[in-house]
Amino acid sequence: MPQSQARFIIHAVFSTKNRAPFLKDPEMRARLHSYVAAILQDIQCEPITINSVEDHIHILSNFSRRITMADYIETVKSGPSKWMKSHGAAYAEFYWQRGYGAFSVSQSNVDRVREYIDGQEKHHRRISFQDEFRELCRRHGIEIDERYAWD
């Protein structure tokens with residue numbers, strides 16, 4: 001086969017350090033989402049949807065076969081972190097948590113995951129980030145060590 005074809009879809013999730021509510025302002029969140037989308041396009045990981053609530057972000061994107069997961073996460077965390085800090089004293093102490101969750105999504109589930117991500121504000125009226133993350137890990141067969149999952 002002379003041509004290589006691949007399609008990987010990633011659902012990445014990570015919170016602000018100690019779940020600090022830096023993302024309370026809806027306008028700032030929208031700007032952050034646009035910034036993350038531009039970064040994803042730069043690394044050939046076409047964004048599908050991005051949404052956040054006050055203390056964490058969800059990213060659904062295609063995943064380029066030319067990048068490692070570690071580089072993907074580093075890129076989508078470091079650039080936006082620096083960008084947030086450039087927006088004044090209110091964001092001077094902005095940091096993402098050290099860890100993250102990254103889950104594969106089959107093409108047949110993209111619409112369902114997109115709806116889930118787009119409905120984050122409603123979803124988090126009844127469930128915390130920690131409980132949501134535990135459930136995502138459980139659904140993907142990942143055991144987490146609670147001692148190291150939260151920072």
Report the C-alpha distance between H56 and Q120 in whole Å, list the side-chain angles of each, state the deciding distance to 0.1 Å, and finish with yes or no for side chain to side chain contact (heavy atoms under 4.5 Å, CB included). CA-CA 10 Å; H56 70 280; Q120 282 294 292; 3.3 Å; yes
Taking the side chain as every heavy atom from C-beta outward, state whether R138 and I144 have any atom pair closer than 4.5 Å. no
Once you round to the nearest 0.5 Å, how far does CG of N109 lie from CZ of R114? 12.5 Å
Derivation of the side chain to side chain contact (heavy atoms under 4.5 Å, CB included) call for V13 and F103: CA-CA 9 Å; V13 183; F103 311 99; 4.3 Å; yes
Can any side-chain N or O of N51 pair as donor or acceptor with the backbone N or O of I117 at less than 3.5 Å? yes
Carefully, step by step, assess R66 and I43 under the rule side chain to side chain contact (heavy atoms under 4.5 Å, CB included). CA-CA 9 Å; R66 295 189 171 122; I43 60 171; over 6 Å; no
Indicate yes or no: at least one non-hydrogen side-chain atom of V105 is less than 4.5 angstrom from one of L60. yes
Please assess D71 against I73 for the test side chain to side chain contact (heavy atoms under 4.5 Å, CB included), listing each intermediate value before the final yes or no. CA-CA 5 Å; D71 288 343; I73 295 295; over 6 Å; no
Cation-pi geometry met for K77 and Y100 (6.0 Å, 45°): no
Answer with yes or no whether the side chains of H140 and E135 bring together a donor and an acceptor at under 3.5 Å. no
Sub-4.5 Å side-chain heavy-atom contact between I50 and L32: no
Roughly how far apart are S34 OG and R29 CZ, rounded to 0.5 Å? 13.0 Å
Taking atom CD of E132 and atom SG of C137, what is their separation to the nearest 0.5 Å? 10.5 Å
Does K24, at its NZ atom, have more than 12 non-hydrogen atoms belonging to other residues, nucleotides or ligands within less than 6.0 Å? no
Same cluster for V76 and Y91 if Ile/Leu/Val/Met/Phe/Trp/Tyr side chains link at under 4.5 Å? yes
S61 vs Y72 side-chain heavy atoms within contact, under 4.5 Å: yes
Between I10 and M69, the two heavy atoms sitting closest are CD1-CE, 3.7 Å
Short side-chain to backbone donor-acceptor contact, H87 and W83, under 3.5 Å: yes
Tell me, do H58 and Y116 make a side-chain contact under 4.5 Å, heavy atoms counted? yes
Looking just at side-chain N and O atoms, do Q3 and Q5 make a donor-acceptor pair shorter than 3.5 Å? yes
Using a 4.5 Å cut-off on heavy atoms from C-beta on, say whether the side chain of H33 contacts that of V36. no
Indicate, with yes or no, if the rings of F129 and H124 have centres closer together than 6.0 Å. no
Step-by-step salt bridge (charged side-chain N to carboxylate O under 4.0 Å, His left out) determination, E146 to R134: CA-CA 9 Å; E146 296 277 339; R134 287 179 188 109; 2.8 Å; yes
Between Q97 and S15, is there a donor-acceptor pair closer than 3.5 Å when you use the side chain of the first and the backbone of the second? yes
ILVMFWY network linking L23 to I59, side-chain heavy atoms under 4.5 angstrom: yes
Side-chain heavy atoms nearer than 4.5 Å, only ILVMFWY residues, links allowed to pass through others: does that put F22 and I39 together? yes
Would you give the length of the straight line joining atom CD1 of I48 to atom CG of L40, rounded to the nearest 0.5 angstrom? 10.0 Å
Is I67 close to F63 at the side-chain level, that is, under 4.5 Å between some pair of heavy atoms? yes
Interatomic distance, NZ@K85 vs CZ@F94, rounded to 0.5 Å, equals 8.5 Å
Tell me whether I142 is reachable from F14 by hopping between hydrophobic residues (I, L, V, M, F, W, Y) whose side-chain heavy atoms are closer than 4.5 Å. no
Report yes if some heavy atom in the side chain of N62 is under 4.5 Å from a heavy atom in the side chain of C45; otherwise report no. no
Measure from the side-chain N and O atoms of R65 to the backbone N and O of A6, and report whether any donor-acceptor pair falls under 3.5 Å. no
As an exercise, state the distance from CD of E93 to CE of M84, rounded to the nearest 0.5 Å. 12.5 Å
Mark yes or no for whether W96, through its side chain, and T16, through its backbone, hold a donor-acceptor pair below 3.5 Å. no
State yes or no: do I57 and I127 share one hydrophobic cluster built from I, L, V, M, F, W and Y residues joined by side-chain heavy-atom distances below 4.5 Å, directly or via other members? no
Can you tell me if N18 uses its side chain to pair, donor with acceptor, with the backbone of A20 under 3.5 Å? no
